[in-house]
Structures are given as structure tokens and as C-alpha cells.
There are 2 protein chains.
Amino acid sequence: MPKSTTAERILDAAQILFATKGFAETSLRHITSKAGVNLAAVNYHFGSKEKLMQAVFERTLTPFCDQLEKQLLTHAQSGGESLTLEELFGLMVSIADKVYGDDSKEFSRFMRLMGLAYTQTQDELRAFLGDRYGMVFKRFLVHIKLAAPEIPPKELFWRIHFALGSAVFTLASFGGLQELLRNDYKMEVGLPDVVKRLVPFMAAGIRGDVEK
Amino acid sequence: MPKSTTAERILDAAQILFATKGFAETSLRHITSKAGVNLAAVNYHFGSKEKLMQAVFERTLTPFCDQLEKQLLTHAQSGGESLTLEELFGLMVSIADKVYGDDSKEFSRFMRLMGLAYTQTQDELRAFLGDRYGMVFKRFLVHIKLAAPEIPPKELFWRIHFALGSAVFTLASFGGLQELLRNDYKMEVGLPDVVKRLVPFMAAGIRGDVEK
DNA sequence: CGTTGTTTTAAACGGATGTTTTAAACTTAC
DNA sequence: GTAAGTTTAAAACATCCGTTTAAAACAACG
């Protein structure tokens with residue numbers, strides 16, 4: 001099997017435990033014992049638990065954002081017309097697919113981490129994510145505005161957050177919902193299945209097919 | 001000022017702290033010092049931290065659910081036709097208005113608690129809420145199904161949770177979004193304003209105007 | 001008043017947490 | 001092969017946690 005460094009094993013274990021139990025509920029001893037390394041290794045390699053959390057996000061978020069920016073840029077330079085909402089969200093999905101492989105567990109974990117980042121009030125982490133990835137997010141918002149130019153800014157602002165909310169909420173609690181569906185409806189469903197329903201929901205919601 | 005019992009002061013403090021910091025991140029010492037009572041009072045009056053969490057939800061959730069059930073029942077008995085989605089969500093809004101008064105801070109806190117209950121992996125709390133309020137929720141789902149009979153169950157399941165997500169997410173972080181809107185767009189907006197946009201968004205999303 | 005039952009208080013308990021320390025083990029290069 | 005630098009190891013540190021104890025304060029009532 002491929003040898004992995006201590007730092008990598010810590011990141012792997014931490015990512016899984018953070019995603020399934022939350023930040024405060026996951027102790028360094030949990031992480032290090034799952035990773036099979038010494039307790040002190042966390043503070044040696046990362047400095048603190050807080051920095052470890054940031055490193056976990058850094059590792060999973062950076063490849064995704066880099067790819068997203070690159071593709072948006074090359075599309076803009078190729079002089080094509082602006083992307084539709086479905087294309088924009090579809091782009092995110094396909095990049096997530098590419099970056100996180102066919103391992104839907106990994107993708108699900110990533111989504112749960114994103115949900116936790118929004119939901120849990122980890123002030124330092126929030127600041128870190130804002131500093132590190134705020135620009136990417138704003139650039140993406142510009143594309144959304146281009147894709148829905150007829151919506152007044154204030155209205156668009158809220159619709160984006162309605163849509164964002166449905167995505168984060170659903171994907172963050174995906175495991176629980178999956179179980180609920182299994183118990184109440186005797187149905188199995190995978191993440192791609194839900195994403196396929198979610199993308200048009202978000203796109204139409206923002207575009208304003210929802211006009212009363 | 002109106003005298004309040006020790007148990008009430010604990011509930012008040014706990015509700016605020018839980019909503020702003022999360023369950024695991026809020027200690028009993030935080031709660032009791034904010035409430036101005038002795039540490040042991042929590043275990044004396046509620047038995048444990050877990051039971052306190054349940055009591056907080058009980059206090060804020062029960063009046064709302066009771067009212068909702070009563071109104072749905074009287075409507076059914078009056079022999080009227082089934083309610084539309086807009087009427088159903090509008091009913092929830094009006095009940096929330098009545099129960100939580102005009103205090104939009106309180107309403108926002110309540111929503112944040114609901115979001116945490118969904119997101120945070122508090123197994124015992126989840127079980128408690130399921131036992132205590134599962135039936136109310138299911139009865140409400142029946143009304144939604146009646147209002148959107150043409151949607152297959154599985155599809156409806158997910159659309160409901162998309163809509164639920166947009167509501168919980170948006171209203172739970174309403175304070176932050178309000179500030180963001182003020183800074184970036186120089187606009188002021190109140191809670192009723194957002195709810196007015198949210199209800200048709202949810203209704204249309206569930207009904208399936210979102211068909212691709 | 002004195003007794004009884006309830007509530008509050010201060011202190012301690014046992015355990016878990018993040019972090020630090022100090023020494024040992026391992027790598028790397030001269 | 002030894003010296004220097006890097007990584008791991010075990011143990012201890014200080015602090016915080018939820019909970020319990022036992023005594024004090026209070027309330028109600030005969």
C-alpha cells in the first residue's frame with residue numbers, strides 16, 4: 001500500500017471525523033488514534049487544532065476553487081457568451097466530480113464540511129475561509145449576475161441565498177435525509193440523484209420562474 | 001421588572017447561547033453565569049445538559065405546533081377544500097408572528113435553533129424531537145401532499161427539503177445577511193420583506209414550476 | 001416557634017480536552 | 001560514523017467540562 005506521511009494521515013482522519021461529528025465534538029485524541037499517530041503530532045505538524053481545521057479545508061477546497069477559476073477564465077477568454085445558471089451550477093458539479101473522483105462518500109463529506117463551515121459558529125475558521133476564498137466566491141457571483149441580468153440586485157441577492165440555503169442545508173444533512181427516505185419510503189438514493197434535482201431547482205429559483 | 005424563576009432564567013440564557021454558539025460549544029457555566037444562577041441549578045431543575053436542551057426546544061416549539069395543529073384541524077372540520085401551498089406556508093408565518101410576537105430577534109433565534117437541530121449531530125436531541133414532534137411534522141406533510149398531488153413521493157420529498165433548507169438557512173442567518181445587504185447594496189430590509197419573497201419561492205419550488 | 005420540604009450555594013469529583021515538555025528515534029549529509 | 005536536523009514518543013500540564021455532594025438558606029404550615 002502507498003506509504004503516507006503522518007501529516008497526511010492526520011488530515012485524512014480529521015476530515016472524516018470533522019465531517020461526521022463536527023468540530024467541537026471531535027477531539028485531537030480521536031483524530032490521532034484513528035490516524036494511528038501520536039497525540040503530539042497534531043501540534044507539531046499543524047500548530048493547533050484550529051490550524052488543523054484550516055488545513056483540512058485548504059486541502060479539499062483549493063483544488064476545487066482552482067479548477068473552477070481556471071475554467072471560468074478560459075471560457076471568458078474564448079469569447080463565448082455568458083453561461084446560463086444551469087451551466088454554472090453544472091460546472092461546479094462536474095468539477096466536484098472530477099476533483100473528488102467517483103468516491104461519492106468523499107464528495108458527501110466535502111459537502112458536509114461546507115455545511116458545517118456555514119452553520120457552526122467557528123469565528124476563526126469563518127474568517128480564514130473569507131480571507132482565503134472570498135474572492136473566488138465574489139467572482140462566481142458576477143457570473144450569476146450575468147446569467148440573470150433582468151433581476152434587480154436586491155431581489156437577486158435574496159434568491160441567491162434561498163438557493164444557496166437549499167443546497168447547503170440539503171447536502172449538509174444528506175446522510176440523515178437519506179436514512180429518513182430509506183425508513184419512510186423504502187427508497188435508496190445517491191448523491192448524484194439529489195444533485196440532479198437540486199441544480200434545476202436552484203437555477204429556476206434564481207431566474208424567477210417563481211414569479212407569483 | 002418582572003420576576004422570573006431560576007428555571008426560566010436558565011432557559012432564556014440557554015436558548016440565546018445555544019442559538020448563537022451551538023450545543024457542544026456552550027457550557028453550563030456559560031449558561032448559569034449569564035443567567036445569574038448557581039451552576040448546580042441546571043442539574044437540579046433539569047437533570048442534565050441534554051434534558052436542558054430538550055426543555056429549550058419544548059418551550060419554543062410546543063406553542064407553535066399546538067397552534068398549527070389546531071388551525072389545520074379546524075380548517076379540515078369546516079369542510080373547506082384543501083389548502084394551497086401558499087396558504088399552508090402563510091399559515092405557518094402568521095402563527096410564528098402570533099406566537100413569537102413582533103420580536104424578530106426571537107424569531108430569528110428560533111430559526112437558528114431549528115437549523116442547528118437539523119445540522120448538528122446531537123443524536124439524543126434528534127431522537128427526542130422525532131418522538132415529540134414527528135407526528136405534527138408528518139401531519140403537515142400530508143397537507144403538502146394534498147396541495148401538490150401530482151408530484152411523485154420521492155420527488156416531493158426532496159423538493160420539500162430544498163424548500164425547508166432555503167427557509168431555515170435564510171432565516172437562521174437573517175441577521176448576517178441583513179448586514180451584508182446593508183454594506184454591499186446600501187439597502188435596508190425587514191423580516192416580513194424576506195418572508196414575502198420566501199413563501200412564493202418555496203411554494204413554486206415544491207409545486208414544480210422548476211421543471212427543467 | 002419549630003418542623004418539613006424545597007431551593008440555592010459553595011466546593012469538590014472524576015474525566016476529558018488542547019497544549020507543552022523532554023527525551024528518544026530516525027534521517028540526512030559530511 | 002558521527003554530528004545536525006527532523007520527526008516521533010510518552011508523560012505531564014493546566015484548564016475546562018458535566019455532574020454530585022453536603023451544608024446552608026428559604027418557604028410553607030401546623
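In the text below, chain A, chain B and the rest are named by the order of the sequence lines, each starting its count at 1. Owing to the predicted nature of the structure, the values given are computational and were not obtained by experimental measurement.
If you take CD of A/Glu50 and P of C/dT17, they are 18 Å apart, rounded to a whole angstrom. B/Lys49 has its NZ atom 4 Å from the P atom of D/dG18, to the nearest Å. Between B/Met53 atom CE and D/dG18 atom C1' there is a gap of 13 Å when expressed in whole angstrom units. In this structure, A/Ile10 atom CD1 and C/dG18 atom P are separated by 13 Å, rounded to whole Å. In this entry the distance linking CZ of B/Arg29 with P of C/dA16 reads 16 Å, nearest Å. The distance from atom CZ of B/Arg9 to atom P of C/dT7 is 16 Å, rounded to the nearest whole Å. The distance between atom CD of B/Glu25 and atom P of C/dG18, rounded to the nearest whole Å, is 12 Å. Residue B/His30 contributes atom NE2, which lies 16 Å from atom P of D/dT15 at whole-angstrom precision.
You'll find the side chain of B/Thr170 stays beyond 4.5 Å of the side chain of A/Phe169, heavy atoms only. Taking 4.5 Å as the limit, some side-chain heavy atom of A/Leu91 sits within range of a side-chain heavy atom of A/Leu72. Contact of the A/Arg182 side chain with the A/Glu179 side chain is registered, since non-hydrogen atoms from C-beta on lie closer than 4.5 Å. Using a 4.5 Å cut-off on side-chain heavy atoms (C-beta onward), A/Leu198 and A/Leu171 make contact. Side-chain contact between A/Met114 and A/Leu61: present, with at least one pair of heavy atoms (C-beta onward) separated by less than 4.5 Å.
DNA chain C is contacted by A/Leu39, A/Ala40, A/Asn43, A/Ser48 of residues 36-48 of chain A, taking any non-hydrogen atom closer than 4.0 Å.
Phosphate proximity of D/dT8 to A/Thr6: present, with a side-chain N or O under 4.0 Å from OP1 or OP2. Phosphate contact (OP1/OP2 of C/dA16, side-chain N/O of A/Ser27, threshold under 4.0 Å): absent.
A/Thr32 comes within contact range of no nucleotide atom at all, as no heavy-atom separation falls under 4.0 Å.
Atoms CD1 and NE2, on B/Ile10 and B/His45 in that order, are 5.5 Å from each other to the nearest 0.5 Å.
With salt bridges taken as basic N to acidic carboxylate O contacts below 4.0 Å, one links B/Asp12 and B/Arg59.
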